[in-house]
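Every chain is numbered from 1 and lettered A, B, ... according to where its sequence line falls, protein lines coming before strand lines.
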Protein chains: 2
Amino acid sequence: MSRQVDHDARRRHIAAAVWRLAASGGLEDATIRRVAAEAGVPARQLQYYFGTREDLLLGALELLNRDGAAEAQGRVAALGPEATPRDILRSVLLEFLPLDESRRQRHLVYIAYFVRFMADEAIRDRIRDTPPELENLIALLLPEGRKDEADFLLAGTNGLQGQVLLGQLSAERAVELIDRQLDRLFTPTQ
Amino acid sequence: MSRQVDHDARRRHIAAAVWRLAASGGLEDATIRRVAAEAGVPARQLQYYFGTREDLLLGALELLNRDGAAEAQGRVAALGPEATPRDILRSVLLEFLPLDESRRQRHLVYIAYFVRFMADEAIRDRIRDTPPELENLIALLLPEGRKDEADFLLAGTNGLQGQVLLGQLSAERAVELIDRQLDRLFTPTQ
DNA sequence: ACGTAAGTGGTTCGACCGTACCAGAACGAG
DNA sequence: CTCGTTCTGGTACGGTCGAACCACTTACGT
């Protein structure tokens, strides 16, 4: 019934253009015409594959989430079966730092969406989706499951993300700070 | 030479309209016409007092920074002369949490500017200005001046800010988490 | 073979954008 | 008083926006 075009690939190609524009100039730069030019396709195609501009922005965010989750799971899985809880936890936390261009761009795009859709319930839920389960996972990985430390550890990582993006902090220093916290938390209490 | 109009008050009145719009819908909602309507003044007045839209956004950010610094200093000063280092540190950290509508709006506006002006050197420096000295202040207030803990404490507070804004975390819980960290850091090490 | 649905490209429309422009009103200086 | 500066309000212009529209091609089901 369908032509031989790969719809998912097409949508992803367009979404990637949205990401680039949103990361460099905010959501307001992601107009239909500009996205089309960035992707190198006629503007009409965005209408066909996404509908309105609102749908386009939502769809691009959806794909970004999916990509991010897959990338993160891949990196954690790459640790191998004999990884310690500390190794896994470290890997999970580092996922929030802009350690490569992919993660850097993803975090910038999230920030671009942040304010715009704070009022929009649908999007707020979509952004909020992950963390609650994430905090529990972190607490599980910590010795003695200290919930307070787990929550603050996640918050600290998120804060480091912002500082690295702003150039206030080097990525190396952020990783070092996380490692120092892990040192402390995985050291048997007195 | 000048009329009896208070230019600063006028600029502040307009800037406040920019903040409200930027906080609720992002920078793209802060168009000249919309800001004028929100402030209840003719659009022409924004041109007169700020110039171009770019100047308007920059000016509004400038005023926001000034207000924020004054508010923060006031709250710290209100602690009185017999405040302990821990009291002062707690007050400084809490300044970053959206504990009232004023701080909540200010943080939202910062986020709205974040991506848009990441590429713009002038603005990036203006946002980046405060923290370096702030980290040193925090380290000074900590017993034994532990730089790593000071940096992570600030990062954690920034992270909590984002989570509270997103509704992932209650303000009370955020304050509690900070207090737990302060408990730990102000407890003599074994 | 042919019809039908999927997909494409280009254009058009009304709305809003930022900013320049133009009188004229209000007030202090001479 | 009156001249000139400061300040105000309204409007006009060129441009871009999102979205609707229409003519067209393509390839599959039958």
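- Between D:dA20 and A:R44, no contact under 4.0 Å exists linking OP1 or OP2 to a side-chain N or O.
- Distance, A:I32 CD1 to C:dC16 C1': 16 Å, rounded to whole Å.
- The CD atom of B:E28 sits 18 Å away from the P atom of D:dT16 (whole-angstrom rounding).
- With hydrogens and angles ignored, the 3.5 Å screen pairs no side-chain donor or acceptor of B:W19 with any backbone N or O of B:R106.
- Formation of a donor-acceptor pair under 3.5 Å by the A:R11 side chain with backbone atoms of A:L63 is not found in this model.
- B:E38 places no side-chain N or O within 3.5 Å of a backbone atom of B:A17 that could act as its donor or acceptor partner.
- As judged by a 4.0 angstrom heavy-atom cut-off over every strand, A:Q45 is placed among residues touching the sugar-phosphate backbone only.
- Going from atom CG of B:D29 over to atom P of D:dC17 covers 17 Å, rounded to whole Å.
- Close to C:dC17, at under 4.0 Å from its OP1 or OP2, lies a side-chain N or O of B:T31.
- When the P atom of C:dG7 is taken as reference, atom CZ of A:F50 falls 14 Å away, rounded to whole Å.
- Using a 4.5 Å heavy-atom cutoff, the side chains of B:L166 and A:F114 are in contact.
- Each of D:dT8, D:dG9, C:dG7 was ranked by its minimum atom distance to the side chain of B:P42; first place goes to D:dG9.
- Between the side chain of A:Y113 and the backbone N or O of A:A22, no donor-acceptor pair lies under 3.5 Å.
- Remark: P of D:dG10 and CD of B:Q47 are 14 Å apart, rounded to the nearest angstrom.
- Taking atom CD1 of residue A:I14 and atom C1' of nucleotide C:dG7, one finds them 13 Å apart after rounding to whole Å.
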Go through the steps for A:R173 and B:E135 under the test salt bridge (Lys or Arg N to Asp or Glu O under 4.0 Å), then give the verdict.
CA-CA 14 Å; A:R173 173 74 175 147; B:E135 290 166 26; over 6 Å; no
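- Taking a pair as Watson-Crick or G-U wobble with both distances under 3.5 Å, the runs of three or more consecutive pairs in DNA chain D are C:4-29 with D:2-27.
- Phosphate proximity of D:dT8 to B:Y49: present, with a side-chain N or O under 4.0 Å from OP1 or OP2.
- Side-chain proximity of A:R34 to D:dC17, C:dC17, C:dG7: nearest is D:dC17.
- No donor-acceptor pair closer than 3.5 Å links the side chain of B:S91 to the backbone N or O of B:D87.
- Rounding to the nearest 0.5 Å gives a distance of 4.5 Å between CZ of B:F117 and CD of B:E54.
- Backbone-only contact: B:R53 has heavy atoms under 4.0 Å from sugar-phosphate atoms and none from a base.
- A sub-4.0 Å separation between OP1 or OP2 of D:dT6 and a side-chain N or O of B:H7 is absent.
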Please list, for nucleotides 12-15 of chain D, all pairs of protein and nucleotide N/O atoms separated by less than 3.5 Å.
none

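- For the pair A:Y48 OH and D:dC22 P, the computed distance is 18 Å after rounding to whole Å.
- The distance between atom CG of A:L57 and atom P of D:dC17, rounded to the nearest whole Å, is 14 Å.
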